[in-house]
Amino acid sequence: MSVSLTREFTKGFIRENPVFRIVLGLCPVLAVTTSLKNGIGMGFAATFVLVGSNVIVSLVRKGIPARIRIPCYIVVIASFVTVVDLVMAGYTPELHKSLGIFIPLIVVNCIILGRAEAFASKNTVGRSFIDGIGMGLGFTFALAITAAVREIIGTGKIWDLVLLGTRYNPVLIAVLAPGAFITLGLLIGLFNLLERKEG
Amino acid sequence: MDWGRLFAIAIGAILINNFVLNRFLGLCPFLGVSKQLDAALGMGFAVIFVMTMASMVTFGIYNYVLAPFGIEFLRTIAFILVIATLVQFVEMVIEKTSPSLYRSLGIYLPLITTNCAVLGVAVLNIESSYGFIETVVHGFSAGIGFTIALVLMAGIRERIELADVPESLRGVPVAFIVAGLMSIAFLGFSGLAAE
Amino acid sequence: MIRLTLVLALITFVASLGLGFVYESTVPKIEEQKRVTDELARRTALPEAACGVFVRVKYSAAAGDSFIYYMGYRNADTTQFAGYVTKAAGRGYSSTIETVLGVDGNGKITGMKITHQQETPGLGSRIEEVKTTKSVLDAIKELAGKGETPMVAVDMVDSTGTVRCLEVMLKDQPLCGEIKDLVAGGDTSAVVDLAPKALGLSPEDSTAVFCSPPLAFGVAKGVMDKLRAQATPWFLKQFVSKAKGGLLVATEDTDQYIQAITGATISSVTVTESVREAMTILEEAVGGFKEETP
C-alpha cells in the first residue's frame, strides 16, 4: 500500500473524522448511541453503504451525465441502504429493531452523498474503496466513542459488562435525548482542543 | 373525525417528540441555519411546506403504488426520489409564481432534499399506519416542531455569539450543549404524562 | 433530455432488480425470525406451558373474520391443558401495538408480551425494555456455581417474577436444560431447607421461586426483589391475574384530556383496549370461560 493510500485510509479517523471534525451525519450519531452495541451496529451498516456506493459511483462515474448525477447517486445509495435494511431484519432482528427508522435514514446521511460527490466521482475504484472504508470506520469510531461514554454514564455498564458496580447510581439523562447532545458537544470540543494543542 | 387523536398527534409531534430535540432528525440544518433568526424563520417555513407536501405525496405513493404490488421494500428508494423531485418542483413553481417568496425561501429549498427530517416524517407516517388526514397533520406539526426548535436555537445562538465561551467549545460544540439544555426543557412535556 | 431520463430510468431499473433478488433471499429468514419471536412470546405469556406445546386453532367468527388462537399444554402429548394464547393488536400513538396474551381456562390473564411497537422513542419504546435480563441470567449462573445443590424448587412466590425468569431461561436453552436435569424428579419439599444453604445464605435472606415443573430455582432475596422491580414491565401489573372486565385504565371521561398530552397514555390505553377486545373474541371462540371456583 502506497503512502498516499494509507493516508486515504487513516484520514477518516482523526484528521478528517466525519463526525468530530467535519460535523456531518449527526442524526444517527445522536439517535442510536444509547448503547455501544447499537452504535457499532449503525457504524457498520453505514460503512457498508458508504463502501458500496463509493465503489459503484466511481465505476459508473464516466457514464453518468453531470446534470443528473445527484439523483443517480441517491438511487445507488438508497439501494445499498435497502440491502442493509433487509439483511439486518433477517439476521440481526434485535439490532434492526433498536436502530429503527435510522436504517432507512442512512440514505440522507450527508457523509455518504458527500463522499460520493466529493471523492468517488473523481477518483478510481480502488481509491474510492479505501476512502469508503476509512471514512466508514471513522464514522463507526465516532459512534462507538459517543455510545461508550453515554452507556457508561447512563447505565454503569458497557456491552452488558457491569463496569461501575452496583453502588453506582446511573445518570439516566445520559442515555436520554439531552445526554446525546451534551455528550457530542463536549466530545467535539475535546477534539477541537486536541487539534489546537497539536497545531 | 377523531379530533382528540389528531390533536394528540399534533401536540406529540410539536412538543413531546420534537423532531429535532427528541427524535434527532434534521440536525444538519438545525446547526447550519440557526445562526440568524431571519434565516431560521425562512428555513422553518420552507420545511413546514415541504414536510406537509412530502407527507401527502409519499402517502399516495406507498398506498396506491407500492402496497398494491407488494413491493414495500422499495420504499426507501421511492421516497427519496419522490422527495427530491418534489423539492425541485416546488422550487420551480415558487420561482415562477412568486418571486418575492422565492427570494426568501428559495435558497433553503435545495438544502431540504438531504434533510433527514423530511424522509423521516415520510417513513414515520408509514410505520405509524396513519390515515391520510393523520398523515397531513403529522407532517405539518412535525414541520412546526422543527421550526420552533430552529427559531429558539437561533435566538439563543445570536446571544451566545457575544458570550465568552471557551475557545474549544465555540461554534458547534456549544450549540450542541445548548440543544441539550433545550432538550431537557422539552423533556418536561413528557412529564405531563405520568400518573 | 430523453437521454437523461433514460439513464436515470436504467439505473433505477437495475437497482430495483437487484433489490428484488435481495428481498427474495431474505424473506424466509425474516419470517423465521418472526416465528421464533412469536413462539417465545407465547411461552412468556403462558408460563405454565413454557416447556409444553401450543396447538394453533383457527376460529371463523360469524362476521366472517377468522381469529387465530393457540391452546397451550403443559406437556408434549397435549393432555394437560394450561390455557389459551392469542394476539391483540391496536393502533397506538405512533404504531400498531401487537401484544401476545396468555389467558387461563378461567379467563384470567397469565402473562403478556409486546411483540411489535414503535411508540415514542426514548419513552414509549422503553415500554418493555428490560435492562437487567442479562444480569439476572448472570446472577442465576453465578448462584448455580456456588453450591452443590444450585437450583432449588420451593413454592409459588411471585408470578410476575416467574414469568420473567422463565423468559430468561428460555432465551438460553442450555441453561433451561441444565436446571431441568438438576431438579427433575426431586422432592420439592425436601429442598426447601437446602435452598439457603446451597446459596450460602441464611434462611431469612433467601426467597425461592417456583417456575413451571420441573423447572425451578431459588435466588437470594435481594436479587429477587431487584429482578421483580426491574424485570417487570411497568404495564404488566394491571394485567396479570385480571379477568376481562377488570383491566384498569383511565376512566373514559378523562381519556380525551390525557390523550392530548402524551403518547404514552395512548399507547397504554391501546394495549388495554386491544387486550380487552381480543379477550372478548377469545371468549366467543372457546365457547366461554369457566366460572372460577372460589
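The sequence lines fix the lettering, A, B, ..., with proteins before strands; numbering per chain opens at 1. Not measured: the values here are computed from a predicted model.
A donor-acceptor pair is defined here as one N or O able to donate and one able to accept, closer than 3.5 Å; no such pair exists between the side chain of C:Thr86 and the backbone of C:Tyr69. Looking at A:Asn123, its side chain does come within 3.5 Å of a backbone N or O of A:Phe119 through a donor-acceptor pair. Side chain of A:Arg150 to main chain of A:Leu30: a donor-acceptor pair is present (N/O by atom type, distance under 3.5 Å, no hydrogens or angles). Remark: the backbone N or O of C:Glu32 is not paired with any side-chain donor or acceptor of C:Arg35 at under 3.5 angstrom.
Interface check for chain C: of the options A:Ala31, A:Pro65, A:Gly63, the most heavy-atom pairs under 4.5 Å are formed by A:Pro65. Of the listed residues A:Leu86, A:Val87, A:Val75, the one with more heavy-atom pairs under 4.5 angstrom with chain C than any other is A:Leu86.
Near-neighbour residues of residues 132-144 of chain A relative to chain C, defined by a heavy atom under 4.5 Å from a heavy atom of that chain, are none.
For the ring pair (Phe, Tyr, Trp, His ring centres under 6.0 Å) test, residues two or more places apart in sequence or in another chain that qualify with C:Tyr23 are B:Phe73.
Interface residue A:Tyr91: backbone and side-chain heavy atoms are both found under 4.5 Å from chain C. Neither the backbone nor the side chain of A:Ala177 comes within contact range of chain C; no heavy atom of the residue lies under 4.5 Å from a heavy atom of that chain.
Interatomic distance, A:Asn38 CG to A:Phe102 CZ, rounded to the nearest 0.5 Å: 11.5 Å.
Within the 4.5 Å cutoff, the side chain of A:Glu117 has no heavy atoms near those of the A:Val57 side chain.
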| message | Pair C:Glu31, C:Lys34 - check salt bridge (Lys or Arg N to Asp or Glu O under 4.0 Å), show working. | response | CA-CA 5 Å; C:Glu31 306 257 293; C:Lys34 202 167 160 41; over 6 Å; no
